[in-house]
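Data block below; observations after.
Below, chain A is the first sequence line, B the second, and so on; all start at residue 1. Not measured: the values here are computed from a predicted model.
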Amino acid sequence: MDMRSIDLNLLVAFDAMCQHQSVTRAGEAIGLSQPAMSAAVARLRALFNDPLFVKVGTVMQPTERAQALAEAVRRVMVTVQQEILQPSGFTPETSDRTFTVITPDIGEMHFLPLLLAHLAKAAPGVRLNAVSRNREAAGETLAGADADLALGYFPDLKGSAFFQQKLFDNKHVCLLRRDHPQLRKGSLTLKAYLALQHVVVHPDGREHVFERHLQQTGHKRDVRLELSHFMSLMPIIESTDLVATVPRDLAAICQRYTQVEIVACPIACPVIPVHQFWHRRSHKDAASIWLRAQVAQLFKAG
DNA sequence: AGTGGGGCAGAATTATGCGT
DNA sequence: ACGCATAATTCTGCCCCACT
């Protein structure tokens with residue numbers, strides 16, 4: 001049977017007949033006169049090649065064919081009512097939605113603890129899925145409906161397809177172990193900074209703002225260790241004389257969990273603007289709007 | 001591509017017949 | 001008397017085509 005040959009309103013009539021077992025009552029229930037309802041039943045009979053409802057005493061009793069169809073038709077009615085005709089809204093208190101957020105490992109450390117704590121109270125059924133994407137893939141993932149939000153520094157997410165909201169500026173600071181000899185010598189001068197041994201993180205596919213700035217200004221450092229993950233920094237800084245130059249939010253997390261100190265960086269690198277990004281596809285989506293509002297409330301500076 | 005008019009098919013309504 | 005089916009009539013929505 002071709003879907004196009006069926007008037008789906010006939011399923012409404014069928015469902016009403018199952019519920020009321022009377023042409024007149026079923027018609028009243030769905031706003032049809034008795035003759036119109038009778039005609040709808042006649043069309044259903046022709047469609048399914050079965051009487052569907054036969055008069056037994058005072059009721060129109062469903063035939064075996066009608067009984068076999070009834071449950072499936074009811075499911076269609078419920079699905080249409082609940083998932084198509086319901087006004088689009090988002091109820092955080094009862095939602096069991098899973099939000100997917102693109103963010104690098106720094107972002108996971110910075111955003112997720114606070115966001116999760118907030119969700120536990122405001123939306124206890126909501127789940128979070130944090131994924132890491134490089135600069136090019138972040139846009140494709142948002143556009144492909146595989147993520148709701150990107151949090152962090154994504155300079156490539158431009159154009160009319162994407163919206164963004166600035167959350168805060170991240171500047172670079174230096175991270176040394178708490179009993180590092182340099183800390184006894186006062187503030188960190190450029191000369192002292194360049195004389196130290198450095199650990200540098202090159203996360204895969206991410207923008208290396210500070211490295212690019214050093215190249216442009218011609219400063220040369222003694223790099224003793226290169227890493228691909230920020231997570232490894234904490235035990236390494238804590239147990240060596242190496243210095244790392246990292247975004248302030250990461251440095252603050254390291255300081256919270258390990259014996260390290262934050263020192264102002266003597267090289268004035270441009271600040272890194274941290275935004276939340278979303279695709280125009282989810283711009284009007286009630287759940288996405290709600291999530292963006294929570295992120296802005298929790299992390300937007302000023 | 002969008003709009004408006006004519007024609008057509010089918011669904012709804014009214015009136016009525018028929019069976020229980 | 002009540003409820004279902006049917007004939008005649010009316011109404012509505014869709015399609016096609018011409019026009020802008």
Side-chain angles (χ1 to χ4, degrees), chain A residues 1-91 97 100 102 135-150 154-165 275-292:
Chain A
M1 195 185 291
D2 188 342
M3 276 282 284
R4 288 170 300 182
S5 68
I6 307 172
D7 175 359
L8 294 178
N9 281 315
L10 288 178
L11 297 186
V12 178
F14 179 90
D15 189 52
M17 280 298 293
C18 290
Q19 310 270 322
H20 298 277
Q21 303 201 349
S22 154
V23 172
T24 304
R25 305 286 165 273
E28 284 171 359
I30 63 173
L32 288 181
S33 63
Q34 177 271 317
M37 189 68 210
S38 177
V41 173
R43 290 195 294 280
L44 279 164
R45 285 167 174 155
L47 192 64
F48 290 105
N49 195 28
D50 186 274
L52 295 177
F53 301 92
V54 290
K55 195 162 185 180
V56 177
T58 58
V59 299
M60 295 290 276
Q61 208 163 67
T63 64
E64 285 191 16
R65 178 88 168 111
Q67 287 176 38
L69 291 167
E71 199 182 314
V73 172
R74 187 91 278 272
R75 281 200 303 273
V76 171
M77 294 298 118
V78 170
T79 301
V80 170
Q81 276 292 342
Q82 293 182 351
E83 297 179 28
I84 297 175
L85 299 181
Q86 278 292 316
S88 61
F90 178 71
T91 311
R97 173 154 174 171
T100 299
I102 302 170
R135 290 171 52 175
E136 294 79 22
E140 290 171 20
T141 305
L142 282 178
D146 294 321
D148 301 281
L149 211 55
F154 294 92
D156 292 345
L157 289 181
K158 293 177 191 155
S160 59
F162 298 101
F163 292 87
Q164 57 178 272
Q165 180 184 30
H275 290 79
Q276 58 172 334
F277 298 87
W278 62 96
H279 192 262
R280 68 178 174 206
R281 169 186 54 74
S282 57
H283 189 56
K284 301 274 188 185
D285 175 57
S288 297
I289 291 170
W290 179 84
L291 178 65
R292 296 196 297 266

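Scanning all heavy atoms of the two residues, the minimum distance from A/Ala26 to A/Met37 falls at CB-CE, 3.8 Å. Between A/His279 and A/Leu142 the shortest heavy-atom distance is CB-O, 3.8 Å.
A sub-4.0 Å separation between OP1 or OP2 of C/dC2 and a side-chain N or O of A/Thr24 is absent.
Atoms SG and CD, from A/Cys18 and A/Glu71 in turn, are 11.0 Å apart once rounded to the nearest 0.5 Å. With values rounded to the nearest 0.5 angstrom, A/Leu291 atom CG is found 10.0 Å from A/Thr100 atom OG1. Once rounded to the nearest 0.5 Å, the distance linking CZ of A/Arg25 with CD of A/Gln34 reads 10.5 Å. In this structure, CG in A/Leu157 is found 13.0 Å from CZ in A/Phe163, a value given to the nearest 0.5 Å.
In this structure, the side chain of A/Gln165 does not engage the main chain of A/Phe277 through any donor-acceptor pair within 3.5 Å.
Between the C1' atom of C/dC4 and the CG atom of A/Leu52 lies a distance of 15 Å, rounded to the nearest Å. Atom CZ in A/Arg25 sits roughly 8 Å away from atom C1' in C/dG3 (whole-Å rounding). Across the protein-nucleic acid pair, A/Lys55 atom NZ and C/dC4 atom P stand 5 Å apart, rounded to whole Å. Atom pair A/Met60:CE and C/dC4:P shows a separation of 6 Å (rounding to whole Å applied).
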Do A/Arg45 and A/Asp50 pass the salt bridge (charged side-chain N to carboxylate O under 4.0 Å, His left out) test, and can you show the C-alpha distance, the side-chain angles, and the key distance before you say yes or no?
-> CA-CA 5 Å; A/Arg45 285 167 174 155; A/Asp50 186 274; over 6 Å; no

Test salt bridge (charged side-chain N to carboxylate O under 4.0 Å, His left out) on A/Arg280 and A/Asp285 and set out the steps.
-> CA-CA 9 Å; A/Arg280 68 178 174 206; A/Asp285 175 57; over 6 Å; no

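Residues A/Asp148 and A/Arg97 are paired through a salt bridge, judged by an N-O separation under 4.0 Å between the basic side chain and the carboxylate.
For residues 10-18 of chain A, proximity to DNA chain C is found at no residue, defined as any non-hydrogen atom under 4.0 angstrom from a strand atom. Listed in residue order, the members of residues 36-44 of chain A having a heavy atom less than 4.0 Å from DNA chain B are A/Ala36, A/Arg43.
Here chain A contacts DNA chain B (any atom closer than 4.0 Å to a heavy atom, that is under 4.0 Å), and the contacts span B/dA11 to B/dA15 from 5' to 3'.
Applying the ring pair (Phe, Tyr, Trp, His ring centres under 6.0 Å) test to residues at least two apart or on different chains, the pairs with a partner in residues 50-75 of chain A are A/Phe14-A/Phe53.
Applying the ring pair (Phe, Tyr, Trp, His ring centres under 6.0 Å) test to A/His20 and every residue at least two apart in sequence or in another chain returns nothing.
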So what is the 5' to 3' dot-bracket string for DNA chain B, if pairs are Watson-Crick or G-U wobble with both distances under 3.5 Å, crossing pairs use [ ] and | means the partner sits on another strand?
-> ||||||||||||||||||||

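Contact check for A/Lys55 versus A/Gln21: no side-chain heavy atoms found under the 4.5 Å cut-off.
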